[in-house]
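Each residue takes its place number in the sequence, starting with 1.
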Amino acid sequence: MIECRYYKRLEDGKVECTLCPHHCRIAEGKTGVCRSRKNQCGMLMSEVYGNPCSLAIDPIEKKPLYHFHPGTTCLSLACTGCNFRCLNCQNHDISQVSPSDINHYELSPEDVVTLCRKHHCPGIAYTYTEPLTYLEYIIDCAQQAHEAGLWNILVTAGYVCQEPLADLLPYLDAANVDLKSFSDDIYNKVNGGHLQPVLDTILAMKQAGVWVEITNLVIPNVNDDMQMIRRMCRWLADNDLTEAPLHFSRFFPRYKMQDIPPTPIATLKTAKQIAEEEGIRYVYLGNV
C-alpha cells in the first residue's frame, strides 16, 4: 500500500481523488468507485500497488492489437478495480471486487520487468481490469520497462483525467481503448460514466504518438444503432484516426446482461461496412 499521487485533502477529513472524472470524495476508511483507492487517516492510499491479481502470457493480438508488432507475446498484468460499472463486464470477478476479496501476487516494478524478461516477452500489457485505477503502479512499472527496452501496452476504457494521463504517456507505446458507445446517455446507464473523457483520452494518446487501436463491443438493442455507429466512425475520421484499427466485437451474455442474446454476425458486418464507408482503413470483427 502506498500513498496515491492524485488527490487533495478536504477540510472535513475526506479526500478528493483527482485521478478520474468521478472525482470521488472519500470519507475516512472508505474507498472510491474503483474500490482500490482508500482514505486512510486523511491520506489516499492505493491498496493494489505491487499486488497484481492476474498474470498471463498472451499473444499481442488478444489485446486486441493487430498492427503493433503482430506475432509477438506480452506479459499481461492486472490488479483489482475499475472505475466503471459495466453491466456486461466479462472480468467482473476481478474488476468489480475489493482487493481483499481475492488472492494476489507481490511484485515490485523491478520484479515485473524481471518476470517479463524471464519469459522472453518484449512487452508488458496492463489489462483485464481498468489499469488506470492503479496508475501509480503502472507508471513505475512502465519506467522500469522502458529502461529495459520493453514495450508498455495499455488496454483501457480510457476514463481518466488529463493530468494523470500525461504522466504515463511518455512511457506508453501502444493502447487499445474500449470505446463503449458514442452516446453519453448509454455511457451513463450501462457503464457508469461519460463519453467525452474517453474521447479526450484517445486524442491525447494520438497526439503523444502512442499507437492506438479502438474496440467497440456491439450489444443488441443497447449500442447497435447504426446511425450512432456512423457518428462514431465519422468522429474517428474527422480526428485523423482513419489509420487506427477499429475492432467491432461480438457480445455474449455476461454478468448483469444475461438476458440479451449474442450479437448477430450480420450486425457486425453492417457496422464494418459503415466504418469503411466513413474512411476507416482497417476494420476487424472480434469474438466471431
Side-chain angles (χ1 to χ4, degrees), residues 48 50-82 84 86 88-97 102-135 137-146 148-158 168 171-180 201 205 210-217 244-252 254-255 282-288:
V48 297
N51 298 133
C53 63
S54 182
L55 292 166
I57 297 172
D58 290 326
I60 203 163
E61 289 84 358
K62 186 180 177 181
K63 297 301 100 187
L65 287 172
Y66 282 11
H67 289 222
F68 183 80
H69 300 285
T72 60
T73 60
C74 53
L75 175 68
S76 291
L77 175 152
C79 298
T80 56
C82 184
F84 273 168
C86 299
N88 59 295
C89 182
Q90 65 178 1
N91 289 323
H92 59 89
D93 55 333
I94 56 176
S95 69
Q96 303 297 316
V97 297
I102 58 175
N103 296 326
H104 60 264
Y105 304 91
E106 294 187 7
L107 289 175
S108 69
E110 294 82 4
D111 293 334
V112 173
V113 170
T114 298
L115 190 63
C116 191
R117 282 175 151 175
K118 176 183 177 181
H119 292 282
H120 308 290
C121 296
I124 303 167
Y126 311 96
T127 181
Y128 300 146
T129 57
E130 177 45 70
L132 291 172
T133 61
Y134 45 93
L135 186 59
Y137 185 41
I138 290 180
I139 289 175
D140 290 349
C141 288
Q143 288 176 329
Q144 295 278 341
H146 259 205
L150 303 172
W151 309 319
N152 291 298
I153 299 162
L154 191 71
V155 182
T156 178
L168 174 64
Y171 310 102
L172 192 61
D173 298 287
N176 185 292
V177 181
D178 189 1
L179 184 53
K180 296 180 181 294
T201 292
M205 288 177 173
V210 176
W211 178 254
V212 178
E213 302 194 18
I214 307 293
T215 294
N216 178 235
L217 178 71
L246 174 58
H247 305 260
F248 287 114
S249 190
R250 191 184 190 198
F251 166 85
F252 288 94
R254 291 288 189 274
Y255 195 33
Y282 308 105
V283 187
Y284 301 99
L285 305 185
N287 288 348
V288 296

- Residues in salt bridge (Lys or Arg N to Asp or Glu O under 4.0 Å) contact with D140, at least two apart in sequence or another chain: R5

- Query: Per the side chain to side chain contact (heavy atoms under 4.5 Å, CB included) rule, which among T72, I124, L172 passes with W151?
  - Reply: T72

- Message: Going by side chain to side chain contact (heavy atoms under 4.5 Å, CB included), C141 matches just one of S108, P109, P131. Which one?
- Response: P109

- Query: Heavy-atom distance under 4.5 Å between the side chains of H247 and I214, does that happen here?
  - Reply: no

- Query: Any side-chain heavy atom of I138 sitting closer than 4.5 Å to one from L154?
  - Reply: yes

- Message: Could you work out, with ring-ring contact (aromatic ring centres under 6.0 Å, His included) as the rule, every residue matching F248, not counting sequence neighbours?
- Response: none

- What residues form a ring-ring contact (aromatic ring centres under 6.0 Å, His included) with Y282, not counting sequence neighbours? H67

- Item | Donor + acceptor pair across side chains of D111, T114 (<3.5 Å) | no

- Please step through side-chain contact (heavy atoms from CB on, under 4.5 Å) for the pair M205 and V177, ending with a clear verdict. CA-CA 10 Å; M205 288 177 173; V177 181; 3.8 Å; yes

Quick check for you: to the nearest 0.5 Å, what is the distance between [X] atom [atom1] and [Y] atom [atom2]?
| X | Y | atom1 | atom2 | result |
| --- | --- | --- | --- | --- |
| I153 | N176 | CD1 | CG | 10.5 Å |
| H104 | C79 | NE2 | SG | 9.5 Å |
| L168 | L132 | CG | CG | 7.0 Å |
| C121 | H119 | SG | NE2 | 7.5 Å |
| L77 | Y105 | CG | OH | 10.0 Å |
| C86 | Q96 | SG | CD | 7.5 Å |

- F252 meets the side-chain contact (heavy atoms from CB on, under 4.5 Å) criterion, sequence neighbours left out, with R250, R254, P262, N287

What is the minimum heavy-atom distance between [X] and [Y], and which atoms define it?
| X | Y | value |
| --- | --- | --- |
| I94 | S54 | CD1-CB, 4.5 Å |
| D173 | H146 | OD2-NE2, 2.9 Å |
| C74 | A125 | SG-CB, 3.8 Å |
| T201 | G158 | OG1-O, 2.7 Å |
| F84 | K180 | CD1-CE, 3.6 Å |

Hey, can you pull the donor-acceptor pairs under 3.5 Å for the side chains in residues 56-66, sequence neighbours left out?
residue : atom : partner : partner atom : Å
D58     : OD1  : K62     : NZ           : 3.4
D58     : OD2  : K63     : NZ           : 3.0
D58     : OD2  : S76     : OG           : 2.6
D58     : OD2  : Y128    : OH           : 2.6
E61     : OE2  : G71     : N            : 2.7
K63     : NZ   : S76     : OG           : 2.9

- Message: Please check this pair: side chain of D178 against backbone of T156, looking for a donor-acceptor N/O pair closer than 3.5 Å.
- Response: no

- With no hydrogens and no angle check, is any side-chain donor or acceptor of Y171 less than 3.5 Å from a backbone partner on A142? no

Got a sec, which residues hit side chain to side chain donor-acceptor pair (under 3.5 Å) with [X], two or more places apart in sequence or on another chain?
| X | result |
| --- | --- |
| N88 | none |
| Q90 | none |
| N152 | Y126 |
| T127 | none |

- Task: Could you note down all residue pairs passing salt bridge (Lys or Arg N to Asp or Glu O under 4.0 Å) where residues 114-134 supplies at least one of them, sequence neighbours left out?
- Result: none

- L75/L150 under side-chain contact (heavy atoms from CB on, under 4.5 Å): CA gap, chis, key distance, verdict: CA-CA 11 Å; L75 175 68; L150 303 172; over 6 Å; no

